[in-house]
Amino acid sequence: MDDLLLIIGGPQGSGLETSAIVLTRAFGEKGYNVVADREYHSNIRGRHSYTHMRISVDERYSLAFPVDLFVGMSVESVFTHFMDISENGYFVVDTAFLEQRIDRIVSMEPSVKRRLRKQMQELGVGDRVEDILRFLENRGVNTIKLSYVGYLRMLAKKYDISPRRISRYMSGIAIAVVAALTGIDLESVVDGLRARLSGREELVEHNRYLIERVMDYIQGSYGSPLKLDPPKKLKNEVLVVTGNEAVAIGKILGGLRVQTYYPITPAADESLYLEEKMLLKANSKNLGGIVVFQTEDEIAAITAAIGAALAGARASTTTSGPGFSLMVEGFGWAGINEVPIVVTYYQRGGPSTGMPTRGAQSDLFFALYAGHGEFARIVLSSGDHMEALIDAVDAFNFAERFQVPVIHLLDKFIANSTATVPIPDLSKIRIERGSIVEGGVDYKRFSKDSIVSPRAKLGSNSIMWYTGDEHDEYGHISEDPVNRIEMYEKRIRKMELIDREIPDAKKAVLYGDKNPNIVLIGWGYTKCPAIDAIRKLEDKYSIAYLHIKLLAPLPSSLIRGILREDRILIGVEHSYEVQIASLIRMKSGIHIPHLVAKYTGRPIYENELVDAVERIVENKEKRVVLSYGE
Amino acid sequence: MRCRFCRYYLPNDICAHVGICSLREKIAFSEDSCDKYSEIDIAEFIKKFGRAYCVDCKTWIYEADMEEHRNHRVYLGVIEDEFLFEELFAAD
């Protein structure tokens with residue numbers, strides 16, 4: 001077995017996050033490639049939530065269905081995912097669930113319940129968990145019934161455990177089931193637990209006991225039928241990080257000094273991670289600190305970041321769609337005043353509150369055009385965790401080098417998924433602060449001598465003026481039409497400079513066949529399923545994926561060279577419009593006739609993208625809308 | 001006579017099969033039973049003390065909500081899992 005897919009499903013708060021992190025660490029330690037996505041409801045606790053993991057012997061980036069293993073921590077998860085399991089897969093439930101009926105699940109949304117009931121009726125499945133298991137067994141699925149409470153009881157006999165810590169033990173049961181069936185050894189799991197439960201040795205000991213018992217039973221009864229082949233490429237060390245954490249690490253490496261935020265899903269975890277690292281130390285040496293400032297709202301967040309940037313600190317703010325809506329005025333102010341700030345923007349399902357804990361890429365045009373008037377900006381996007389980390393450094397470098405606001409555009413799919421990431425090559429990370437001067441007498445902050453004027457910091461030995469108005473070289477308000485033209489062009493022409501100076505590899509990358517007949521086009525998280533899909537399809541088609549990283553300024557000439565009209569061009573995006581196709585047409589004149597869209601808030605899965613490409617190529621379909629996943 | 005119907009049983013909010021016996025002040029399992037069992041009328045309790053907790057809906061309920069929560073698992077109280085915060089993403 002070289003590729004394993006699994007789901008652990010249960011109520012929010014039942015230990016799914018811990019299960020995912022511990023298992024990712026355990027498999028990562030063995031050299032496996034792991035990606036794990038959390039799909040969770042926007043209520044705080046109790047609603048159905050699941051971890052979807054992929055563990056493989058080589059690099060895979062996305063998730064797929066059906067899964068080989070399902071571990072149900074709630075009745076709701078059993079009914080929600082019973083059709084997601086592969087034939088010959090393993091479906092594990094608590095014996096306490098067996099008599100439970102779908103009608104009695106209070107937490108399930110009524111529309112979901114109706115849809116599932118209808119599906120079950122069509123399949124001739126009864127309404128109890130027991131009926132589901134019988135149905136699956138008839139299809140060749142291996143079912144395992146385990147008394148979760150029985151194991152908790154066993155644990156309570158051995159140790160004085162607290163009922164206030166049950167989530168910790170529920171995760172232990174899920175971890176043990178996965179470890180046993182996949183043949184991961186106990187010590188790797190305990191190492192993962194120790195890292196997760198750092199400093200709480202008592203909990204580690206309890207979990208060790210629990211996990212060992214569950215593993216003994218599972219392996220004694222079923223063996224390790226889902227054992228993976230050895231990893232293809234052994235890595236010495238990996239990071240196990242969420243996308244939020246990858247960005248935070250990138251910001252630290254990139255010299256962040258001030259981070260502002262107002263809490264919002266799925267962005268806030270980045271700032272919480274940074275709060276833990278506010279005092280930077282290496283080899284016992286104090287490297288200074290980061291100010292992480294939770295403001296009263298997003299307007300204050302962006303303006304505080306602007307103030308910090310003007311004072312010379314590397315500053316960023318982090319938000320999501322609704323928060324960025326509030327930041328737009330400040331963003332424009334940064335535009336006219338050429339302030340080098342970074343806005344890390346994690347997209348979620350909109351509009352308005354939309355679906356806060358679900359993903360989307362539908363804010364592309366918003367990021368590109370937010371703010372009135374015209375001004376230079378950079379919009380940079382990342383396609384996976386490693387890119388997110390490196391791009392966080394680049395975002396600061398670009399902001400300061402070109403003195404423009406930069407939007408680092410990400411999405412919930414990356415933000416809240418956990419992955420094993422190689423340790424970045426730190427020798428390649430450079431901090432480029434652009435042209436910084438002391439200023440002095442007669443300092444012209446907005447000197448027209450160059451497109452990017454030498455920048456003095458507030459508090460340095462110089463006087464400068466910042467307003468939201470059009471201004472002269474000193475910053476004084478000016479409505480002189482000649483000055484207006486010069487200042488306007490100075491700012492806007494930065495886009496040409498940026499286009500010239502940023503290397504192609506940071507603008508767009510072609511993966512797969514270098515002379516393809518079929519080209520998928522996308523950006524952001526789309527990279528993950530697209531790379532996996534072209535790998536699946538490469539024996540059948542000459543196919544490639546064009547990953548666009550720099551969205552503003554869009555590298556039109558680079559794109560034109562790849563998107564020739566004799567090729568089958570397919571735009572892929574987590575949105576209705578597939579905005580990247582519209583953007584490319586607008587900026588480069590190239591029409592992308594085929595679109596793959598998904599706007600359920602769930603990620604595009606490898607299997608559905610493979611299927612969509614086949615439908616487009618074989619059946620000449622123009623538009624395929626994807627909808628897999630609960 | 002199961003603990004889950006007993007006035008002293010307070011379930012864990014996430015895993016209601018496990019809870020605390022408020023009389024013995026130790027872990028209890030919903031399907032257990034003991035000689036201290038004391039059944040309670042939830043409606044009466046709400047009338048007297050104002051509210052009870054529906055573990056299915058993860059919410060406190062009041063007299064006016066009783067009908068809506070009929071056949072739900074309603075208890076006199078609930079115990080919060082102390083590691084809940086580590087399992088949830090920061091949000092707003």
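Lettering of chains follows the sequences in order, A, B, ..., and the numbering in each one begins at 1.
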What option among A/L152, A/I166, A/T353 has the most heavy-atom pairs under 4.5 Å with chain B? A/I166

Closest non-hydrogen atom pair between B/G19 and A/P163, with its separation: O-CB, 3.3 Å

Check whether any side-chain heavy atom of B/D32 lies under 4.5 Å from a side-chain heavy atom of A/R153, and answer yes or no. yes

Supply the atom-to-atom distance B/D81 CG to A/S162 OG, rounded to the nearest 0.5 angstrom. 8.0 Å

Cut-off 4.5 Å, heavy atoms of chain B, and the answer for A/R104 is side chain

Drop me the distance from A/Q12's CD to B/I14's CD1, to the nearest 0.5 angstrom. 8.5 Å

Could you tell me which portion of A/I161 (side chain, backbone, both or neither) has an atom closer than 4.5 angstrom to a non-hydrogen atom of chain B? both

Tell me whether A/E296 at atom CD has more than 12 heavy atoms from other residues, nucleotides or ligands lying less than 6.0 Å away. yes

Could you walk me through whether B/F83 and A/L203 satisfy the side chain to side chain contact (heavy atoms under 4.5 Å, CB included) test, starting with their C-alpha distance in whole Å, then the side-chain angles of each, then the deciding distance to 0.1 Å, before giving a yes or no? CA-CA 11 Å; B/F83 292 109; A/L203 275 176; 3.4 Å; yes

To the nearest 0.5 angstrom, please state how far the OH atom of A/Y148 sits from the SG atom of B/C15. 10.5 Å

Side chain / backbone / both / neither for B/I79 at chain A, heavy atoms under 4.5 Å: side chain

Atom NE2 in B/H72, atom OG in A/S107: separation rounded to 0.5 Å? 10.0 Å

Between A/A96 and chain B, with a heavy-atom cut-off of 4.5 Å, which part of the residue counts as in contact: side chain, backbone, both or neither? side chain

Report yes if the side chains of A/R164 and B/I20 come closer than 4.5 Å at any heavy-atom pair, otherwise no. yes

What do you reckon, is CG of A/D160 surrounded by more than 12 foreign heavy atoms closer than 6.0 Å? no

